[in-house]
There are 2 protein chains.
Amino acid sequence: MPEPISFRGQLPALANKTYFNYGGQGPLPEASLEAIVAAWRQIQQLGPFTGDVWPYLERISAELRQRLGRWCGVAPQRLAFTENVTSGCVLPLWGLPWRAGDQLLIGDCEHPGVVAACRELARREGLELSELAVGDLRGCETTAATAVLERLEAALTPRTKLVVLSHLLWNTGQVMPIAAVAEALRQHCSQAWLLVDGAQSLGSLPLAEAGSANAAAAADIYACTGHKWCCGPEGLGVVVVSERLLAEAQPTLIGWRSLSQESSGNSGFHGDARRFEVATSCLPLAAGLNRSLQLLEAEGSAQARLERIRQLSGQLWQGLQLIPGAKTLLEVMPPAGLVSFTLEAPQQRRRSNSNLGGQELEEVPTPEMLLGPEAIVTALGRQGIWLRSLADPHCLRACTHICTEEAEIERLLEALAQIG
Amino acid sequence: MPEPISFRGQLPALANKTYFNYGGQGPLPEASLEAIVAAWRQIQQLGPFTGDVWPYLERISAELRQRLGRWCGVAPQRLAFTENVTSGCVLPLWGLPWRAGDQLLIGDCEHPGVVAACRELARREGLELSELAVGDLRGCETTAATAVLERLEAALTPRTKLVVLSHLLWNTGQVMPIAAVAEALRQHCSQAWLLVDGAQSLGSLPLAEAGSANAAAAADIYACTGHKWCCGPEGLGVVVVSERLLAEAQPTLIGWRSLSQESSGNSGFHGDARRFEVATSCLPLAAGLNRSLQLLEAEGSAQARLERIRQLSGQLWQGLQLIPGAKTLLEVMPPAGLVSFTLEAPQQRRRSNSNLGGQELEEVPTPEMLLGPEAIVTALGRQGIWLRSLADPHCLRACTHICTEEAEIERLLEALAQIG
């Protein structure tokens, strides 16, 4: 009997490179691409716009909504499909009942897209922005959680109307105590909404398995994408919204999918999260994401997968401690798969390999003499090793997923040691 | 030498059915699906998130933007990609400089999604909605154009801030004189914006070839989709925005793709139409749409393709005049590929084919005794003939495209004659 194909064996993207950008985009399994193509062929066979095709499209959509509901530990009625995580974050925001003077409290590690959207919302509605510092919390998860809650409670005012925080910070790799933040808001600031960017968490951190600490169930808006840790196709995400938000927020980007009676412009909106869906989207992508999630499920429970991810990110974190000039942003082993670090890499080392040779290495290189993160990314890319740079904090980030191999981490560490 | 595969031969959806729903969704050519899959494989080969993949993704995106710019007869900088036509219509609207009391003038044949979005915009910003009757204009295009302009000028007030009109009305199939409407607004109501739903026009009506009468160039917002007359994949559209709109409208659904410096939340927006793009979308779809547009180009100029479409819709329109009980909405041959009609189809005819038989046919059936458009769609679907029903006006709609065959039209006419 032939051996079953491993998860990694399903990922053509990993066949020719050493890949650490799962937080940017996950590799697409061959089986998921096949599921997408099969869906397209079936749509052409039955449709594309016929009475025969509607039940098939509804089945693809419902199957994914139910599966994602299980992953998120919420009823499928709380899930709306979106094109990406930004849409999921931003769209429900515009229809909340804002009043001039309301305050938005935004974590200082949020993604530029979400920050820019909040700035524009504030400009238009006359709201105030303030920042919640969390990027400096580089210690263990528990200590960080305590600090987040203390700082949050100190920052809340009667005018605070929204708190924006990522579940897993995309730059430092720290986990935020989302369920505890939600509970603190309920107790001290019940008018405030909680928006959580889950770009790095779905497919990486357990949600449903966290029980009463389930971040997706606790937030008012919990926005995710399928194309990072879930290894689904780009262009499909999901947002989980709370019952309170469903009761109080109106949709803004409205199309026939938002309407309870899609043939009437006088129709009301769906009572469930579909009110935040818009119009035609690419349903074959849903078949692909569904297949990717099935493949991940076959690799173990969400908790088991996180343990594997942490084992690998821990190996990388520990290896970095041994490289002179390397400094991890987190002072402890990472709570998930994001490993951010800086590396003092003298330019001279690179020059000495070039025709410019002959310069003496300085004892203590000044910042101008160091290779920046962007140059390091390029240099490693030439060796087929891919990680990314971040602008703020200015650093490098490498991610480990369940398909990462120990040997890949060693290869990265060796290459970094050579540069450093 | 083997004969080249015809355009129709490229469309698996048409192999097993008689299809008239191009205005709902066009069939996807096999070559376009292959282009999508090839793009995905290339992304996995080079990326998915690496320095090697960015130039490839930029090339796919730029090639389609340039091609669509040529189709629309505008500079590519005026084009933003969207997920669907609704997003293209609605998103630029929310960031226009509204004042309470502004008036929106909306054609009475607009799509429910756009109407519902305008209603919500009006509710939130304190605007007034009024309706411009165009659905009753069933005569020739020139007469209709004159009437539209007369009614428009009578309806404009100093408070009119937006006019919403489709280029090709999705229900009656009438063409609206968009460039003339834009000119009338410039002369009599220069503060007003012109939003045009181009869902039925891109790939059906010539835009660039219309020269000074180019509707896409004349409107402030001209929203299109790739998945109808262009026969591209579902989930990708484009909106053309005016220079004036770029200067005065802020984006609302903001993500990293809206920002001129994508790594900073303090960044300004792109000066060009990319400010209305959001975040990650499915770029392989762009490769597919680009391929579909190439295939259409190979079938002749936009004008030549429209002539073929009209020849076929004319055949259908004329055939309908000969069926007792059938009545086309348009009193003249259609200006494009949409043929809407009603059919008086007595239920008895259907019953006599069932086990209920034995009832006498009434001489003049009352409305309750007629099959509704939905039942007719179902009955024809059982024969593998697909058209659709519309709610308002309550009717049937069949579309012809360049891949329609005369024999298919005869088959539809025969089936309708049997029902009617």
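Here is the naming used below: chain letters follow the sequence lines, and residue numbers restart at 1 for every chain.
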Report which part of [X] has an atom under 4.5 Å of a heavy atom belonging to chain B: side chain, backbone, both, or neither.
X	value
A:Leu121	neither
A:Thr50	both
A:Tyr19	side chain
A:Glu110	neither
A:Leu236	neither
A:Ala116	both
A:Ser267	neither

Side chain, backbone, both or neither: which part of [X] has a non-hydrogen atom closer than 4.5 Å to chain A?
X	answer
B:Phe269	side chain
B:Pro284	side chain
B:Thr378	neither

Looking only at atom types and distance, does a side-chain atom of A:Gln44 sit under 3.5 Å from a main-chain N or O of B:Leu28, one as donor and one as acceptor?
yes
Rounded to the nearest 0.5 Å, how far does [atom2] of [Y] lie from [atom1] of [X]?
X	Y	atom1	atom2	value
B:Glu120	A:Trp94	CD	CH2	13.5 Å
A:Asn16	B:Gln45	CG	CD	4.5 Å
B:Leu46	A:Lys17	CG	NZ	7.0 Å

